[in-house]
Amino acid sequence: MPFLAVLLSTLREAAQPRRLAVTFFLVFLPAIIGLGWKLIAGAERFDAPEIYNTLAAVLVFGFILTILSVLYGTGALSQEIEGRTIVYLLTRPMPRWQILLAKFAGAWVAITVTVCLSLLLLGVAIFGGKLPSAFFQDLRILPLGALAYAGLFLMVATLLTRPLIFGLFFAFLWESWVPLLPGGFARLSIMAYLRTLAPHLKETAETTGAEEGQQNAVSLLTSFTPTEIPASHAWITLVGIIVATVTLAMVFFSTREYAPREEGG
Amino acid sequence: MSQPAISLHRVSRWYGQIIGLNDVTFDLPPGLTALLGPNGAGKSTLLKLITGQLKPTTGSLSVLGQDPFANPRVARNLGYCPEIDNFYEELTGRQFVRLLGAMHGFVGSELTRRVSDSIEQVGMTDRCDRKLGGYSKGMRQRIKVAQAILHDPQVIVLDEPLNGLDPVGRHEMVDTMQRWAEAGKCVLVSSHVLYEVEQITDRILVIYKGRLLAQGSVEGIRSQIDQHPHHIRLVCDQPRKLASALIGRTSVLSARVLEGLVEVETSQPDAFYNELPALVLEGGFSIERFDSPDNNLEAVFHYLVKS
Amino acid sequence: MSIPNTPSSGIADLTYRNYDGPMRTRAARFWTVALSVIRTNLKKPGFWIVGSLILLVYFVVGLLFFFTRNVTANARGAGAAISYPVAAQLGIQWTMFLLFIATLFVGSGSISADNKANALLVYLGKPLTKLDYLLGKWVGVFTLLASLTLLPSLVLYLFFLTSYYSDGFLKEQPLLGWRMLLSSLVGPMINSSLIVGISAYNKSPRTTGAIYAGFYLVLQALMGAGGFLFFRNALLDEDASVKADTRPAVRAATVQRLSVPGVVEGVSMSILKVQPKDLVIGGPTRFRDRVKAPEALPLALLGLGFVIVPLALARTKINAVEVVKG
């Protein structure tokens with residue numbers, strides 16, 4: 001029951017009007033862009049799988065998943081520390097690891113619901129009623145990606161005083177550029193493993209006209225994972241990342257001090 | 001209780017190069033004890049160690065026989081009212097107390113009852129359904145105390161609990177703390193306001209620059225400060241004659257004649273008080289009143305700090 | 001003693017204070033606030049780490065310039081070398097994200113920390129108007145960010161000057177120094193205005209940082225996607241039509257840059273007189289030539305909006321006392 005109380009409290013914070021507005025915006029963003037694409041491209045140039053692949057890869061996986069994981073993953077702990085309400089949590093008869101796990105679970109639920117809704121709306125906007133198998137593949141992978149990213153950022157939040165900056169650095173610099181480096185650098189990126197499990201996100205579709213320009217444009221967007229990683233490796237690595245980061249986060253939170261500084265005495 | 005509720009043995013706490021707490025040892029039995037010290041003395045550090053937020057750098061401490069750091073068993077029987085003024089501002093007072101009560105494992109009607117009781121104890125029943133963001137300082141203070149006592153803990157630690165309270169509120173809070181102490185709880189209250197502490201209790205822990213200077217009752221501590229003689233003022237009709245009669249006594253170090261009174265310095269106050277009635281009868285003096293200007297907490301504190 | 005510019009607000013009204021001594025000028029007032037911002041942030045290791053990384057990137061740009069100019073020029077011909085303005089532009093573009101990170105470090109708590117600590121009551125209780133306070137905060141953040149962009153630009157310019165003076169650098173690029181100075185200030189100006197404006201509306205530095213990051217990244221993603229769509233269509237239209245019309249491609253390039261980093265990139269390209277095709281290092285020539293430069297005016301206007309609007313909103317928000325409802 002205490003676990004549930006903390007979990008529900010975290011979800012309640014995610015449902016604050018300000019945050020809810022941002023959530024709604026992110027949920028509708030890919031669908032709005034998809035519909036815009038449909039409108040601008042016209043019927044003869046509208047290739048639904050290509051557009052879905054591009055927007056899912058770039059917007060849902062590459063942007064919404066990562067930015068929400070940074071905000072919620074780091075915020076699960078750092079918001080309490082910065083707000084100095086951590087003292088109330090630390091003086092409850094709840095094992096610290098349980099408190100952190102409950103906060104993490106709440107963050108993960110908030111991230112997963114948002115990205116999955118976002119993907120669903122994108123799929124409906126692009127394909128209408130008949131959603132392809134690729135969509136369901138992505139829907140299965142997204143919660144896993146949310147766990148991996150949120151776990152990593154949660155662990156960072158237990159160690160650093162400004163985890164948000166590290167999170168943004170990792171999500172938007174590291175994840176964008178490291179997979180493009182030669183050699184096996186892609187294995188240092190979580191996104192590479194996610195794209196391995198959803199390989200359609202790397203495909204480029206056939207195009208009509210302006211082939212070279214379009215191929216360059218599309219391949220520019222989807223050429224994030226040049227290194228081939230077997231699917232089994234991807235599963236094992238992702239599960240390993242989740243288990244390791246969350247475990248380490250719980251260990252650090254249980255053994256380190258998080259007392260807020262007083263103003264005076 | 002066979003063992004002290006709170007026990008520290010040679011506890012020190014460093015913040016880098018700065019000593020927060022320096023070799024502190026004491027045992028606290030049940031009852032109401034005030035932790036007295038100026039800002040920066042180490043009071044908050046001590047309370048954070050006791051409530052399990054910090055670990056000692058050296059030494060050991062126990063609360064209810066156990067190490068309090070990250071210990072749910074200790075937290076189950078410990079209530080803490082922090083000094084910081086931060087809350088989940090979007091919650092109402094009742095929701096806030098209820099959330100923290102739920103984290104104690106209370107559910108359903110039991111939780112509701114405890115929340116209502118603790119809110120009533122702090123006098124916030126009529127205002128607890130407003131958002132915390134709109135509370136005054138006094139209201140926030142009361143809600144903090146409510147969350148600290150909701151689970152009926154054996155040990156209650158309060159950091160500057162009278163901050164922001166109006167005089168009536170202070171009086172009510174002091175009464176409440178004394179009731180807890182009478183019920184057998186160990187209540188530790190920190191303050192840097194001397195007259196406040198005098199109202200709360202006679203048992204004090206004096207801390208200064210990280211060191212524990214004294215522990216015990218105000219009088220007991222005072223009597224042990226040998227290098228500071230007691231001052232006693234006697235208002236009488238014949239101050240000069242009284243002074244010359246007193247000066248010959250071995251218990252009197254000096255006697256000063258002031259306007260209508262004699263101020264006596266003595267390092268043996270008990271002996272002096274024993275001799276005084278006979279001396280007064282012998283000399284036929286008429287003593288209107290007498291008091292000791294330095295037999296109070298402020299004087300005790302200043303003597304301790306200066307030494 | 002007469003006090004100029006007595007504002008209407010009672011809190012900031014200077015006339016009732018019983019002080020008849022000399023008053024320092026307005027510049028000293030806001031500069032005091034700015035200096036406090038600068039001093040606070042100079043102590044943060046994060047600021048120096050980001051600064052070092054920016055310098056490192058400029059070092060790489062310098063190396064790239066040297067390599068393409070000196071080593072490959074003979075092998076492939078003069079066209080393979082990147083020009084001085086292109087190197088300067090690459091420096092700005094490749095450090096854009098680091099500047100964003102630095103903005104978070106330096107600016108997140110600029111006003112929100114004061115909101116949290118109720119320090120505005122103290123600030124505005126002094127002979128300090130809201131404008132002094134806001135200007136001081138902005139100047140402080142701007143100065144710090146500008147130092148991160150100006151210094152590396154200056155180092156790059158000095159590298160050009162000392163290494164290529166005999167090659168006719170000054171004759172070839174007499175105004176490059178001023179252009180580099182100006183283009184280096186665009187990013188700090190926009191970023192500092194946005195972060196200070198957002199900070200005024202929050203009580204938590206973390207929330208300020210999150211909102212600013214959200215605005216920065218979401219707008220970039222949205223406009224990037226929109227620009228890509230327009231660009232793709234423009235290319236296809238170009239291929240399909242008989243007459244080449246570059247206006248859609250220009251429009252696409254403009255739409256793509258209607259974001260914070262986009263405006264900085266576009267405006268600095270205009271100042272440095274750099275074409276997008278010059279920035280594509282390597283790659284097929286046909287594709288490079290089809291990428292058009294954005295229109296400078298819309299980007300400049302948007303940039304101006306990014307500077308003025310947040311500060312104007314911040315000025316209305318800054319108050320000594322907050323009224324809490326409910």
Side-chain angles (χ1 to χ4, degrees), chain A residues 1-21 75-103 105-106 158 249-265, chain B residues 15 35 37-49 51-55 68-91 95-96 98-108 111 144 147-148 151 153 157 159-160 190-192 207:
Chain A
M1 279 313 292
F3 184 92
L4 202 61
V6 177
L7 172 63
L8 290 174
S9 151
T10 309
L11 291 173
R12 186 203 65 244
E13 273 169 41
Q16 291 300 307
R18 232 186 208 177
R19 284 208 189 181
L20 218 52
L77 184 61
S78 62
Q79 197 158 335
E80 299 280 355
I81 293 172
E82 197 187 278
R84 294 159 74 170
T85 48
I86 187 100
V87 63
Y88 298 114
L89 300 180
L90 297 180
T91 50
R92 299 303 115 181
M94 251 183 99
R96 285 192 180 192
W97 65 266
Q98 233 179 65
I99 296 172
L100 194 71
L101 196 62
K103 299 288 272 175
T158 60
M250 290 193 293
V251 166
F252 293 143
F253 189 62
S254 299
T255 52
R256 289 165 63 94
E257 296 170 348
Y258 296 93
R261 270 198 217 160
E262 306 284 336
E263 279 108 357
Chain B
Y15 296 103
L35 178 62
N39 284 333
K43 300 193 303 297
S44 291
T45 301
L46 179 59
L47 296 186
K48 284 175 189 171
L49 285 163
T51 53
Q53 297 173 70
L54 297 178
K55 289 182 272 194
F69 183 78
N71 189 339
R73 285 194 298 271
V74 170
R76 196 158 286 127
N77 288 301
L78 185 138
Y80 177 51
C81 170
E83 191 197 356
I84 53 158
D85 198 29
N86 298 80
F87 296 87
Y88 302 111
E89 303 285 338
E90 71 281 0
L91 296 180
Q95 287 170 339
F96 175 70
R98 194 179 176 87
L99 168 65
L100 298 181
M103 289 180 70
H104 274 274
F106 300 120
V107 293
L111 175 62
K144 271 194 282 176
Q147 61 81 30
H151 51 294
V157 177
D159 198 343
E160 314 268 0
S190 96
S191 177
H192 61 272
I207 188 164

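Model, not experiment: these values are computed from the prediction.
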Interface residue of largest heavy-atom contact number with chain A, from [options], under 4.5 Å:
options	value
B:R76, B:K144, B:Q95	B:R76
B:R98, B:Q147, B:H151	B:Q147
B:M103, B:E90, B:K55	B:M103

- Winner by heavy-atom pair count (cut-off under 4.5 Å) against chain B, out of A:L89, A:I99, A:L90, A:L4: A:L89
- Note on the structure: From the list A:L8, A:V6, A:T255, A:I86, the residue making the most non-hydrogen contacts under 4.5 Å with chain B is A:T255
- Query: Is chain A contacted by the side chain of B:E89, its backbone, both, or neither, given a heavy-atom distance below 4.5 Å?
  - Reply: neither
- Query: With only heavy atoms counted, which part of B:Y15 is less than 4.5 Å from chain A, the side chain, the backbone, both or neither?
  - Reply: neither
- Item | Electrostatic pair A:E80-A:K103, nearest N-O below 4.0 angstrom | yes
Need one label for [X]: side chain, backbone, both or neither, based on atoms under 4.5 Å from any heavy atom in chain B.
X	value
A:R12	side chain
A:R92	both
A:S254	backbone
A:E13	side chain

- Message: So, taking the atom named CZ in A:F252 and the one named CG in A:L100, what distance separates them when rounded to the nearest 0.5 Å?
- Response: 11.5 Å
- Query: Without hydrogens or angle criteria, can the side chains of B:D159 and B:S190 be said to hold a donor-acceptor pair below 3.5 Å?
  - Reply: yes
- Backbone N or O of A:T85 within a donor-acceptor pair of the B:N86 side chain at under 3.5 Å? no
- Query: B:H104 side chain to A:P2 main-chain N or O, any donor-acceptor pair under 3.5 Å?
  - Reply: no
- Applying ring-ring contact (aromatic ring centres under 6.0 Å, His included) to A:F253 and not counting sequence neighbours gives A:Y258
- Task: On the 0 to 90° scale, with breaks at 30° and 60°, tag the B:Y88-A:Y88 ring pair as parallel, tilted or perpendicular.
- Result: tilted
Please output the side-chain donor-acceptor pairs of residues 68-75 of chain B that fall under 3.5 Å, not counting sequence neighbours, one pair per line with the distance.
| residue | atom | partner | partner atom | Å |
| --- | --- | --- | --- | --- |
| B:N71 | OD1 | B:R73 | N | 3.0 |
| B:N71 | ND2 | B:Q66 | OE1 | 3.4 |
| B:N71 | ND2 | B:D67 | O | 2.8 |
| B:R73 | NE | B:Q66 | OE1 | 2.9 |
| B:R73 | NH2 | B:Q66 | OE1 | 3.4 |

